[in-house]
Amino acid sequence: MASRRCRWFVLYGTILAVLGLASSGCGSVGSPSGPVTKVSLEFGAAVRHGDGATACRMLTPSAAHEVAQSAGTTCARAITKQGLPNPDRRVKVERYGDSAEVVSSNDTVFLAHLPDGWKITAAGCTPNSGKPYDCIVKGG
């Protein structure tokens, strides 16, 4: 009787462990898309709240430079005036090695993984009829 109970416990424990491992990769904070989503959402919140300094720190150096140069002022002053859409909900996250794409119903944001973490390379992007995306903020 004890060996039957032990086998059931091992089988049940194995099933729970497998289910736990399978669910841990499905959009959880520990999943690879977690940091990408976090940066994208925090960037949107910073822009929405007028916190240009925080938003610009989330851009790659070349994207921040492009925002400042095209506006003729600092990135922190210019980023909140770019007319970026407010992403209403995340639809999907795609990772391609050190690059990622976060698509919402009204925006696409592209990111790159740099030594200091995930940074936004382009934002406010919309598809452009078989051509590259048309982006409000860009810079690579």
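In plain terms, the two heavy atoms of C75 and A68 that are nearest each other are N-CB, 3.6 Å. The heavy-atom pair separating A100 from W118 by the smallest distance is CB-CZ3, 3.8 Å. Heavy-atom minimum distance, Y133 versus E101: OH-OE2, 3.4 Å. Taking each heavy atom of T80 and A76 in turn, the nearest pair found is OG1-O, 4.4 Å. Here the closest heavy-atom approach between residue A71 and residue A78 is recorded as CB-CB, 3.4 Å.
The distance from the CD atom of E94 to the CG atom of L111 is 13.0 Å, given to the nearest 0.5 Å. Between H65 atom NE2 and C56 atom SG the span is 13.0 Å, to the nearest 0.5 Å. Here the straight-line distance linking atom NE2 of H113 with atom OG1 of T121 works out to 13.5 Å at 0.5 Å rounding. For the atom pair OG1 (T74) and CD1 (I79), the distance works out to 10.5 Å, reported to the nearest 0.5 Å. The distance from the CG atom of D116 to the OG1 atom of T60 is 10.5 Å, given to the nearest 0.5 Å. Between I120 atom CD1 and C135 atom SG the span is 11.5 Å, to the nearest 0.5 Å.
A 4.5 Å side-chain heavy-atom check between V109 and V137 finds every atom pair outside the cut-off. Residues I136 and P85 have side chains in contact (heavy-atom distance under 4.5 Å, counting atoms from C-beta outward). Annotation: side chain of V39 is not in contact with side chain of K119 (no heavy-atom distance under 4.5 Å). You'll find the side chain of P61 reaches within 4.5 Å of the side chain of L114, heavy atoms only. Residues K138 and F110 fail the side-chain proximity criterion, which asks for heavy atoms closer than 4.5 Å.
Using a distance-only test at 3.5 Å, with no hydrogens or angles considered, a donor-acceptor pair links the side chain of D107 to the main chain of C125. For the pair D51 (side chain) and T54 (backbone), a donor-acceptor distance under 3.5 Å is present. The backbone N or O of G139 lies less than 3.5 Å from a partner atom in the side chain of S62, making a donor-acceptor pair. A donor-acceptor pair under 3.5 Å is absent between the side-chain atoms of D98 and the main chain of A112, judged by distance alone.
With sequence neighbours left out, H49 forms a ring pair (Phe, Tyr, Trp, His ring centres under 6.0 Å) with no residue at all.
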